[in-house]
Number of protein chains: 4
Amino acid sequence: MTADPETRLRADARRNRDQILAAAKQMFFDDGPDVPMEEIARAAGVGVGTLYRRFPDREALIRAVAQDNFARVLTEARAAAEEPTGWQALVRLLGQSRELQLSVRLALVSPQASVIIREDRGTQEFRNAILDVLDDIVHRAQDEGSLRADVSTGDVAIVVSLLLRRFPAKGETAELMIERVLALLLEGLRARPDSVLPGRPITVEDLYLR
Amino acid sequence: MTADPETRLRADARRNRDQILAAAKQMFFDDGPDVPMEEIARAAGVGVGTLYRRFPDREALIRAVAQDNFARVLTEARAAAEEPTGWQALVRLLGQSRELQLSVRLALVSPQASVIIREDRGTQEFRNAILDVLDDIVHRAQDEGSLRADVSTGDVAIVVSLLLRRFPAKGETAELMIERVLALLLEGLRARPDSVLPGRPITVEDLYLR
Amino acid sequence: MTADPETRLRADARRNRDQILAAAKQMFFDDGPDVPMEEIARAAGVGVGTLYRRFPDREALIRAVAQDNFARVLTEARAAAEEPTGWQALVRLLGQSRELQLSVRLALVSPQASVIIREDRGTQEFRNAILDVLDDIVHRAQDEGSLRADVSTGDVAIVVSLLLRRFPAKGETAELMIERVLALLLEGLRARPDSVLPGRPITVEDLYLR
Amino acid sequence: MTADPETRLRADARRNRDQILAAAKQMFFDDGPDVPMEEIARAAGVGVGTLYRRFPDREALIRAVAQDNFARVLTEARAAAEEPTGWQALVRLLGQSRELQLSVRLALVSPQASVIIREDRGTQEFRNAILDVLDDIVHRAQDEGSLRADVSTGDVAIVVSLLLRRFPAKGETAELMIERVLALLLEGLRARPDSVLPGRPITVEDLYLR
DNA sequence: TATGAATGAGGATTCATTCAT
DNA sequence: TATGAATGAATCCTCATTCAT
């Protein structure tokens with residue numbers, strides 16, 4: 001009757017929910033977004049019923065995983081934005097992409113999952129917040145003269161997304177690949193007097209408009 | 001009973017097979033590698049029975065699509081290698097990647113498809129042949145002094161693969177995105193006296209070794 | 001620990017039980033006897049746990065609803081029997097059937113529910129008591145010469161049950177339907193010199209013997 | 001390639017379909033409209049897959065059974081209408097109701113099934129055709145002076161529906177019950193100079209309007 | 001040989017019932 | 001004792017694959 005048991009219950013439920021989310025994230029990334037719900041439940045150490053109590057169907061689970069992922073990305077983007085210069089912030093953000101890999105790749109996988117995530121309001125909000133932070137970083141870096149002037153935030157977002165792909169190797173070799181691709185991309189992004197990109201800058205509005 | 005009807009039959013069978021492959025490729029890319037076999041058959045204008053006569057199961061179909069894709073890539077790579085300079089060959093090859101998108105993305109999608117393709121002997125042979133061609137181009141471009149010396153064929157292969165991703169837009173905007181990312185990557189790949197990449201070059205042996 | 005809280009508890013428990021019964025009755029009639037137990041609990045304003053404390057399983061709940069229903073029918077039948085003449089008692093009893101509709105229809109719906117109810121001892125006793133009252137009324141009306149002599153109590157019971165059906169309309173129209181069907185049946189039941197029914201009278205023993 | 005094999009195939013499929021319909025009808029009436037689809041399939045001697053190929057889901061199966069039922073009723077109603085007098089036609093139609101029992105009871109059972117059937121276009125058309133036939137019979141019998149003048153087609157339809165209920169007995173006893181109730185109702189319906197029903201006639205428009 | 005009907009295993013989802021709080 | 005979270009068995013439905021025509 002007091003608030004205490006209720007709170008403890010909530011703590012339990014919360015823990016359950018977190019375990020399910022963690023298990024789902026892992027399995028989505030290892031095996032794709034079609035893994036049997038029952039396996040997710042088993043990996044989370046709960047019964048299917050519990051999984052369905054928290055997430056009414058697979059879509060809801062995918063949305064929840066996506067929101068959780070994007071929330072983490074937002075946190076890291078904000079931390080990166082604390083760097084003294086815009087360029088440093090950009091480098092840090094891109095460097096972290098490696099850690100965000102697991103986090104965001106889901107959205108890139110199956111066409112169905114893409115649609116679900118793209119249409120999810122919660123994820124949209126996180127995405128917009130992330131793009132706002134990125135926008136700041138980009139402008140700062142351009143004002144400093146370190147980032148080439150003929151790119152816009154959309155271009156940089158695409159560069160970030162390139163780094164989220166699955167690389168064709170495991171462990172340290174995969175790390176090395178990311179590191180080197182990142183270095184190549186930074187070379188390309190650095191302001192250079194003689195270089196000009198084709199077409200027009202990609203803006204945030206160009207993204208996700210399918 | 002003469003050779004004639006048999007030949008005509010073969011022609012028919014060939015046409016059937018091609019239709020199925022084309023339909024499967026399209027549907028794999030539009031809807032992922034889990035599209036019902038029956039839908040593929042319908043799109044190909046044949047019954048499921050016919051589909052199964054040509055391809056004993058889904059894996060076989062995936063393998064066939066992959067081989068067909070890689071064969072096309074090989075053809076285009078060889079054509080690109082005809083360019084007068086190594087750098088031009090490289091630019092052309094990377095530029096064509098956009099057209100290879102549809103062709104190869106399958107391997108990047110579902111973890112299951114990845115495994116099937118990676119373990120398929122036929123695809124492996126095509127892949128090796130492609131990498132041989134790429135290897136030639138890379139060396140020529142480096143000998144010319146246009147491609148930075150601290151990359152190896154594996155690095156370039158990864159750059160190619162980056163361009164095969166699904167970009168977050170449709171139609172012309174997606175084309176524009178690819179064009180600009182390609183330009184950024186070429187900037188990064190260009191030989192520069194003052195620039196050095198971290199780690200060691202990625203070799204062909206580093207690829208796909210998971 | 002004193003008797004007082006225990007008594008209050010009983011009052012509470014009683015109220016709980018009544019709420020559950022009322023909710024269950026309503027939902028059984030609106031949605032059939034398969035409504036989720038959880039929805040019944042919600043409608044009753046209690047948790048499922050409480051519902052299960054009172055009624056160990058769905059069958060027990062169905063039995064309880066049936067007994068409650070039949071008890072009401074018995075009460076009304078006894079009240080009808082107070083009428084001055086047997087025919088008036090019969091008319092009143094049949095007229096009340098309309099109000100008994102909700103009460104008894106459950107037994108007519110799903111085959112499963114029928115079996116549960118038919119085999120329930122408590123319900124059987126109520127049913128027998130009701131049939132005893134009806135038997136009295138029938139004999140009185142026949143002794144008066146108003147009810148045809150070639151029917152027996154079983155025939156009349158069946159006529160009652162006919163009026164418990166769900167009529168294909170809502171609200172006043174449904175009332176009207178019942179009223180007119182009732183009038184037709186009373187015409188048929190009225191003693192008439194020239195009319196004779198086929199077969200033999202249906203006795204109480206003929207009922208429910210499946 | 002000729003029409004022959006196709007026809008034979010259709011014959012097979014048709015036979016399968018008929019078996020499924022027959023099995024479903026039987027089981028719906030024995031066990032209610034919630035019997036597991038798998039049991040229906042087993043009773044029909046086919047796999048679930050076949051059942052689902054013919055009837056995409058349970059609703060479709062219920063609709064098909066209902067249409068089949070109503071079609072039979074229509075046939076019998078038309079046959080009854082051939083009787084020389086309207087009253088004889090009416091008696092025959094009501095007498096056949098006993099055989100229609102199995103046929104139509106489905107619509108009276110679960111609220112869900114009722115809704116599905118009521119909203120099914122095909123069933124609606126059969127129902128309307130049946131009511132047209134009934135309307136003719138009613139008018140003929142009234143013109144003859146044998147059917148009471150203060151009923152309308154809706155009243156008679158309701159009387160028919162009363163006879164479709166499940167009677168509380170099996171076998172011959174149930175037959176006897178129907179026979180006697182039918183006789184009582186015919187007594188009530190017979191034109192009588194001194195008798196008048198309450199309210200106004202129930203028209204076809206009053207039916208099913210919930 | 002082509003077709004598409006049949007099969008049944010597999011995976012999603014629901015809900016009766018139990019049990020920890 | 002009341003609550004509602006957890007469990008898992010039961011059922012729905014889909015689709016890969018086989019096989020009769």
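The sequence lines fix the lettering, A, B, ..., with proteins before strands; numbering per chain opens at 1. Side chains are part of it too, since the values below use all heavy atoms of this structure and drop only hydrogens, waters and symmetry mates. Worth saying up front: this structure is predicted, and the values here are computed from it rather than measured.
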How close or far is atom [atom2] of [N] from atom [atom1] of [X], stated in whole angstroms?
| X | N | atom1 | atom2 | value |
| --- | --- | --- | --- | --- |
| A/Arg15 | E/dA20 | CZ | C1' | 13 Å |
| C/Leu51 | E/dC19 | CG | C1' | 16 Å |
| D/Ile62 | F/dC12 | CD1 | P | 11 Å |
| B/Ile20 | E/dA2 | CD1 | P | 9 Å |
| C/Leu61 | E/dT17 | CG | C1' | 14 Å |
| D/Met37 | E/dA12 | CE | P | 20 Å |
| A/Ile40 | E/dT13 | CD1 | P | 11 Å |
| D/Glu38 | E/dA6 | CD | P | 17 Å |

Inset, instruction - Indicate, with a heavy-atom threshold strictly under 4.0 Å, whether D/Arg17 touches base, sugar-phosphate, or nothing. - result: nothing

Inset, instruction - Please say whether more than 12 non-hydrogen atoms of neighbouring residues, nucleotides or ligands are located less than 6.0 Å from CD in B/Glu38. - result: no

Inset, instruction - Give the minimum heavy-atom separation between A/Arg63 and A/Ile116, together with the two atoms involved. - result: CG-CG2, 3.8 Å

Inset, instruction - State, to 0.1 Å, how close A/Pro33 and A/Ile62 come at their nearest heavy-atom pair, and which atoms those are. - result: CB-CD1, 4.3 Å

Return no unless some side-chain N or O of [X] is found under 4.0 Å from OP1 or OP2 of [N].
| X | N | result |
| --- | --- | --- |
| B/Arg54 | E/dA2 | yes |
| A/Arg53 | E/dT13 | no |
| C/Asn16 | F/dA2 | yes |
| A/Thr50 | F/dT7 | yes |

The side chain of [X] lies closest to which of these nucleotides: [options]?
| X | options | answer |
| --- | --- | --- |
| C/Arg58 | E/dA16, F/dA2, F/dA16 | E/dA16 |
| C/Asp57 | E/dA12, F/dT14, E/dT17 | E/dT17 |
| A/Val48 | F/dA5, E/dA6, F/dA9 | F/dA9 |
| C/Tyr52 | E/dT13, F/dT3, E/dA16 | E/dA16 |

Inset, instruction - Specify the residue among A/Gly49 and D/Pro56 whose closest nucleotide of DNA chain F lies further upstream toward the 5′ end. - result: A/Gly49

Legend entry - 5′-ward residue of the pair D/Val35/A/Gly47 relative to DNA chain F: A/Gly47

Inset, instruction - Calculate, to the nearest 0.5 Å, the distance between atoms OH and CE belonging to B/Tyr52 and B/Met37 respectively. - result: 4.0 Å

Legend entry - Salt-bridge criterion met for B/Glu125 and B/Arg121 (N-O under 4.0 Å): no

Legend entry - Watson-Crick or G-U wobble partner of F/dA20, both distances under 3.5 Å: E/dT3

